[in-house]
Amino acid sequence: MDCESAISPYYLLFQALALIPVSHYFLAAFFVFLVFLYNFLEIHFLHDLLTFFRGDPVTLTYNSSSDLGRSVAAKCKIFQQRYLVTPWLSSPHIQTAFLTFHGRPPPVTYRRHLFRAFDGGTIALDWLTYSDVLEGSDGVIDGSTARKDDKTPIVIVIPGLTSDSIAAYVKHLAFNMARQGWNVVVSNHRGLGGVSLTSDCCYNAGWTEDVRKVIDHIRCEYPEAPLYAVGTSIGANILVKYLGEDGANTPVVGAAAICSPWDLLVCDRFINRRPMQKIYDRALTVGLQGYAQLHQSILSRLVNWEGVEKTVDTYYRRSSSINYIENVSVPLLCVSAMDDPVCTSEAIPWDECRVNENIVLATTPHGGHLAYYEGITASGIWWVRAVNEFFGVLRTSPLIKRQRMQGSPVPKPLQSSIDRAPYLNVMGDGMVTAMSNEPTDALQEDTSNNEHMIHSKEEGTISDNRTNFESIDKINSDERIEQKVEKNVKDLIVPVQARIDKLSRRSRQSIWLLAYIAVITTWPFVGSIIVSVLKKRFKTFIPGTLLRK
């Protein structure tokens, strides 16, 4: 009895464990690994299995008094149904990885048009039409796009970070829209799509000027065609920010923002929070490093890392589209997945979307980042069908007020400081960032060239009018004198108008200064009297620099 009591119970336990076959330990370890992997990858296959693969309902958030929201809820059948993820892709991370590395894109043949930006930069516009889809080949060729008088609606696609027209999700969208009879044009970011940087200006999440110029260009080239726009990921942030900046002045009649980050600062904190998200952070960084290496000759002399580190949070806040949602004045569909591993659901602006009557927010429990694969073979993307149906409803809806903008240019919006500088989109944490707040020489040169073109055009018009008048009535000397006087007045006004156009881009605070310049330039004597009066009565109001001048 004494010997048996002296034996340790742990010794007996180890003896019992030693009797278990080694293969059973491997099976147990494998099972624990599967449980860990199931939770780490956020797999929801068991949930789908227990619900008999019915999918999850789509939640629509919109203003209760919005005619647009009620129309979309009633006419878009896709939002009345459930979204079921492809069973063997039942994870936001597996879906996103599948989209990135394979994606099963359909074969498309783009027709490329190179657009020269205001500062000398080059933007590749890749077109896809119904006839191109019928050809069924894959690649990019140089060629004409649509006819100038074509009334077929045009969908402008703005890709995500480091993505271009060859990305799988872009091809899915372009192919499906073109197959339905739409004309599609993918506006590639600067330095992407196989086009080199031709200026010192780079794209980033807050730079909306490229989108604005491209849309205005397409509006001028195809004035009869209604314009729609789709932004994805960072492209969605750029699109919503542009729509908010321009408000009702945009020629776009309908838009869709897919998997937008909304608040870049919140997404930056989220992507550095968990181990899995840090993998995405690293992947984005690698993509941007490849972009930087591709354009090293230009970016190497522009990088200012000290300035980048000091202004990163400011850049995130000013570039976030969440600040511009309330000013969106065109029908906008927003699609976001609650399990998006890159653009967290914490940044979704529920209240802002609910207040604006022009916005419909569609959210799903699953979908990943831009993936949304459906069907047993993962041959289709759910949000592509949603955008297609949403635009189809808008196309036939009486709620749409199509802005034709013919004969009058689109007014320039007031731009924030994030839009008045060149930017560098290379950063250690995988996001784009601002580089400088000073205007580039290219921008100044472009403004001067525009001023010269306006002046030359006006002078040419005046000269033509004078020639026509003299050929009709050569004997009326009084009318000749009157025409000369009119020409002199216009010669004075044209430079003033050009200066006003140049200065009005700066700030609202310069409006009173513009009026003063116009007066003293056109009527110097009257301007001198005004200055003398203002010196006496408003000495405290007028800046000293102006009084000295």
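Heads up: numbering here begins at 1 and tracks the sequence. Small disclaimer: the values here were computed from a predicted structure and weren't measured.
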Is there a side-chain contact between [X] and [Y], using heavy atoms and a 4.5 Å cut-off?
X    : Y    : answer
V72  : F79  : yes
L173 : V184 : no
T250 : V330 : yes
V252 : I215 : yes
R282 : T285 : yes
I218 : V185 : yes
L284 : I271 : yes
D150 : E224 : no

Intermediate values then yes/no, side-chain contact (heavy atoms from CB on, under 4.5 Å), D119 and E209
CA-CA 11 Å; D119 63 332; E209 190 63 21; over 6 Å; no

Heavy-atom donor-acceptor pair, [X] side chain to [Y] backbone, under 3.5 Å:
X    : Y    : result
T96  : P92  : yes
N204 : W207 : yes
N327 : D246 : no
Y110 : S165 : yes
D210 : Y203 : no
H172 : P106 : no
S321 : S319 : no
N356 : V328 : yes
S320 : L264 : yes

What residue among Y372, Y83, W382 forms side chain to side chain donor-acceptor pair (under 3.5 Å) with T364?
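Checked Y372, Y83, W382 against T364; only one passes side chain to side chain donor-acceptor pair (under 3.5 Å): Y372.
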
Of H113, R112, R111, the residue whose pairing with D126 passes side chain to side chain donor-acceptor pair (under 3.5 Å)
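Single side chain to side chain donor-acceptor pair (under 3.5 Å) partner of D126 among H113, R112, R111: R112.
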
Full working for side-chain contact (heavy atoms from CB on, under 4.5 Å) between L239 and T208
CA-CA 7 Å; L239 175 61; T208 58; over 6 Å; no

Side chains of [X] and [Y]: donor-acceptor distance under 3.5 Å anywhere?
X    : Y    : value
T122 : T198 : yes
S379 : Y373 : no
N183 : T129 : no
N237 : S260 : no
R179 : N176 : yes

side-chain contact (heavy atoms from CB on, under 4.5 Å) between V240 and L332, intermediate numbers included
CA-CA 9 Å; V240 175; L332 173 65; 4.1 Å; yes

Determine, step by step, whether D281 and N272 satisfy the side-chain contact (heavy atoms from CB on, under 4.5 Å) criterion, reporting the C-alpha distance in whole Å, the side-chain angles of both residues, the deciding distance to 0.1 Å, and the verdict.
CA-CA 7 Å; D281 182 28; N272 288 281; 3.0 Å; yes

With a sphere of 6.0 Å drawn around CG of L265, does it hold more than 12 non-hydrogen atoms of other residues, nucleotides or ligands?
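Counting other residues, nucleotides and ligands, CG of L265 exceeds 12 neighbours.
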
Inspect the surroundings of CD in E357 and state if more than 12 heavy atoms from other residues, nucleotides or ligands are less than 6.0 Å away.
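Yes.
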
Minimum heavy-atom distance between [X] and [Y], given as atom pair plus value:
X    : Y    : answer
H102 : A168 : O-CB, 4.1 Å
T86  : G375 : OG1-O, 2.8 Å
V214 : I123 : CG2-CD1, 4.1 Å
R190 : S199 : NH1-OG, 3.1 Å
L68  : N358 : CD2-O, 3.3 Å
P261 : C267 : O-SG, 3.2 Å

Got a second to check how far [X]'s [atom1] is from [Y]'s [atom2], nearest 0.5 Å?
X    : Y    : atom1 : atom2 : answer
R219 : I156 : CZ    : CD1   : 9.0 Å
C202 : H295 : SG    : NE2   : 8.0 Å
W262 : C353 : CH2   : SG    : 4.5 Å
F175 : L128 : CZ    : CG    : 8.5 Å
L370 : S163 : CG    : OG    : 7.5 Å
L243 : I325 : CG    : CD1   : 11.0 Å

Suppose we call two aromatic rings close when their centres sit under 6.0 Å apart. Are [X] and [Y] close by that rule?
X    : Y    : value
W127 : Y222 : yes
Y280 : H369 : no
Y130 : W182 : no

For A256, what residues pass the side chain to side chain contact (heavy atoms under 4.5 Å, CB included) criterion, not counting sequence neighbours?
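Per chain and number, A256 pairs via side chain to side chain contact (heavy atoms under 4.5 Å, CB included) with V230, I258, L333, V387, F391.
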
Salt bridge check, D313 against R269: does any charged N sit closer than 4.0 Å to a carboxylate O?
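Answer for the salt bridge query: yes.
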
NZ/NE/NH1/NH2 to OD/OE distance under 4.0 Å, K75 and E389
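Salt bridge flag = no for E389 with K75.
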
